[in-house]
Q: 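Provided herewith is a single structure, encoded as structure tokens, for subsequent inquiry.
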Number of protein chains: 2
Amino acid sequence: MAEPATPITPTTPTTAGAPPVGGATSAPVGASKSQRTYHWIRERIDRQEFVPGYRLVLGTIAEELGVSVVPVREAVRRLEAEGLVEFEKNVGARVAMVDEADYLHSMETLGVLEGTATALSLPHLGAEEVERAQRLNDRMRSLLDEFDPGEFTALNHEFHDVLHLHCPNPHLEELVQREWTRLARLRRSTFAFVPDRAPESVAEHDEILRLIRTEADALDVELAVRRHRWRTIDAYRRHRDA
Amino acid sequence: MAEPATPITPTTPTTAGAPPVGGATSAPVGASKSQRTYHWIRERIDRQEFVPGYRLVLGTIAEELGVSVVPVREAVRRLEAEGLVEFEKNVGARVAMVDEADYLHSMETLGVLEGTATALSLPHLGAEEVERAQRLNDRMRSLLDEFDPGEFTALNHEFHDVLHLHCPNPHLEELVQREWTRLARLRRSTFAFVPDRAPESVAEHDEILRLIRTEADALDVELAVRRHRWRTIDAYRRHRDA
DNA sequence: GCGTCACGGAGCGTATACGATCTGAGATAT
DNA sequence: ATATCTCAGATCGTATACGCTCCGTGACGC
């Protein structure tokens, strides 16, 4: 009674998609109210209807969703653990504040993670994927005229995803995806702020694909991907200071 | 303390004035019950009293801590978001399962992150820190005779921490620390499993410090740190397959 | 005019209550 | 003997209730 300490049969891994930090935020149908509330809030934050600093009043949200505050509290707790929401005891929750420094730090980190993830994926990368990446980059090039930052960023994301989709280290891959999510929240698109960067980006993509095709050293590929990302940081800084 | 002798209704004995989370190392004092519950569970998981697969029954925990289930639920939600606990709807929570692959993936990722964090820290690293790291490594060397894996791992952690304490990218630094936490949960000490690795590790530390002292290229330092970690993976694999 | 304090509303933290769902044991049919 | 059904206990999910903390507002004293 005091200390049961009975390790339950460690059979079923119960993989219920525990870390749903990844990409899209679709509202599960059979989910609990707490889950649905989580997705509801999350969605608003993602599409920036709830901007940083926005006050999340539990009672109000509960009323709006037709549930009680308990599920709302759980949803907010989860968002808090993910860093999307900041909580102050006896005061309440608000959408987490972000600043430019966060953006640059995330960008820098993404460069590292993505570079390594791509390098580790090389042995598992077929000609098929390289072709697909090439086609994506060609589409990006064709978009350079009538420039749409959102579309461009989406293609950019997809391009890089293809290169490390088969990453043998799923943990690393997850961190990469988290970083993308974080960036999306911080700024919907880099290219809206530094449009000059787009043509360079396309050229660098070509260079990365060339390295992969010629079976260059993994480290060279890794550093190429990293530099590609880090150059965007430099471009941003230059643009800002200019 | 816990309960400031609330003059509440007589229906709240508060577990006979028991300060439940008393000597807890990390339990905040002014924290809410939900927070204290979180730390209470977290601590058990960290010190492996709650092993992977252990069933976390909300009602039982609530009773043990003298609180209601609501704060417990919030605590568990937070642990779930952090990946320490897996939750299944209408069934309950259990401590997350881990396997060897997770361990190796975390190790690999840590190598990458720590390497970069160290490299970025170089410009902010004074002779003082290098000295401190050297002393730590000397202590590790002196421990090689009467080998204590736990102590060795603690010093090892501290050694590496010193080298990227002043990392200019706090986000990256946080990811490094998370990886350490994750590893600690997966396996208390690598060196208990691969004791041969300890002397090599000390030697590699010396080499890293040499590179730093001679102001080697940042990339060389980064790769040295990374290789240092990755070699442990190789050693582990060899040891396992042998 | 300005600082201080009392008061009241808004909203948080937690306990309790109760219906909903899962699990496992024993009964029953094949 | 095996498979299936049934039912009760264990737990979870959520609603409701209510005390408590925080914060803004206005009266009061200097």
Side-chain angles (χ1 to χ4, degrees), chain A residues 1 4 6 8-12 14 16 18 27-41 53-80 85-95, chain B residues 1-21 27-41 53-80 85-95:
Chain A
M1 176 223 145
T6 47
I8 290 291
T9 55
T11 50
T12 51
T14 60
V29 282
S32 65
K33 298 192 180 184
S34 140
Q35 310 246 16
R36 281 205 302 274
T37 304
Y38 167 83
H39 287 291
W40 188 86
I41 300 177
Y54 185 93
R55 178 78 188 282
L56 297 173
V57 181
L58 305 183
T60 307
I61 294 174
E63 193 180 355
E64 189 146 356
L65 289 177
V67 302
S68 80
V69 292
V70 178
V72 179
R73 287 182 66 85
E74 285 182 23
V76 169
R77 285 291 186 210
R78 188 164 151 200
L79 290 162
E80 183 194 11
V85 159
E86 286 163 353
F87 209 92
E88 203 175 344
K89 184 162 140 58
N90 282 321
V91 173
R94 55 187 56 211
V95 179
Chain B
M1 263 312 182
E3 296 303 301
T6 49
I8 313 182
T9 61
T11 59
T12 315
T14 322
T15 325
V21 273
V29 283
S32 66
K33 298 191 178 182
S34 140
Q35 309 251 26
R36 272 181 287 151
T37 303
Y38 167 83
H39 286 291
W40 188 87
I41 300 176
Y54 185 93
R55 176 77 186 284
L56 298 172
V57 181
L58 305 183
T60 307
I61 294 174
E63 192 180 355
E64 192 145 355
L65 289 176
V67 302
S68 81
V69 292
V70 178
V72 179
R73 288 181 66 85
E74 285 182 23
V76 168
R77 284 293 187 209
R78 186 165 155 199
L79 290 162
E80 183 196 10
V85 159
E86 286 165 354
F87 210 91
E88 203 174 347
K89 183 163 142 52
N90 282 321
V91 173
R94 55 185 60 203
V95 178

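In the text below, chain A, chain B and the rest are named by the order of the sequence lines, each starting its count at 1.
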Q: Does OH in A/Y54 sit with more than 12 non-hydrogen atoms of other residues, nucleotides or ligands closer than 6.0 Å?
A: no
Q: Mind checking B/L56 for me? I need base, sugar-phosphate or nothing, with any heavy atom below 4.0 Å counting as a touch.
A: sugar-phosphate
Q: Whole angstrom is fine here: how far is it from CG in A/L58 over to P in D/dC18?
A: 20 Å
Q: Can you work out whether B/V57 or A/E88 has the more 5'-proximal nearest nucleotide on DNA chain D?
A: B/V57
Q: Run the side-chain hydrogen bond (donor to acceptor under 3.5 Å, both in side chains) test against B/R73 and tell me which residues pass, sequence neighbours left out.
A: A/E74
Q: Using a cut-off of strictly less than 4.0 Å, decide whether B/S68 has a side-chain nitrogen or oxygen near OP1 or OP2 of C/dT14.
A: no
Q: Think A/R73 has a side-chain N or O under 4.0 angstrom from the OP1 or OP2 of C/dG13?
A: yes
Q: Among C/dT16, D/dT14, C/dG13, find the nucleotide with the atom closest to the side chain of A/P71.
A: D/dT14
Q: A/T60 near the nucleic acid: base, sugar-phosphate alone, or nothing, with a heavy-atom cut-off under 4.0 Å?
A: nothing
Q: Please tabulate, one pair per line, each protein N/O and nucleotide N/O from nucleotides 17-22 of chain C that are separated by under 3.5 Å, including the distance.
A:
from   : atom 1 : to    : atom 2 : distance (Å)
C/dT21 : O3'    : B/N90 : ND2    : 3.4

Q: Return the nearest nucleotide to the side chain of B/V67; candidates are D/dA15, D/dT11, C/dA15.
A: C/dA15
Q: Between D/dG24 atom P and A/R55 atom CZ, what is the distance in whole Å?
A: 10 Å
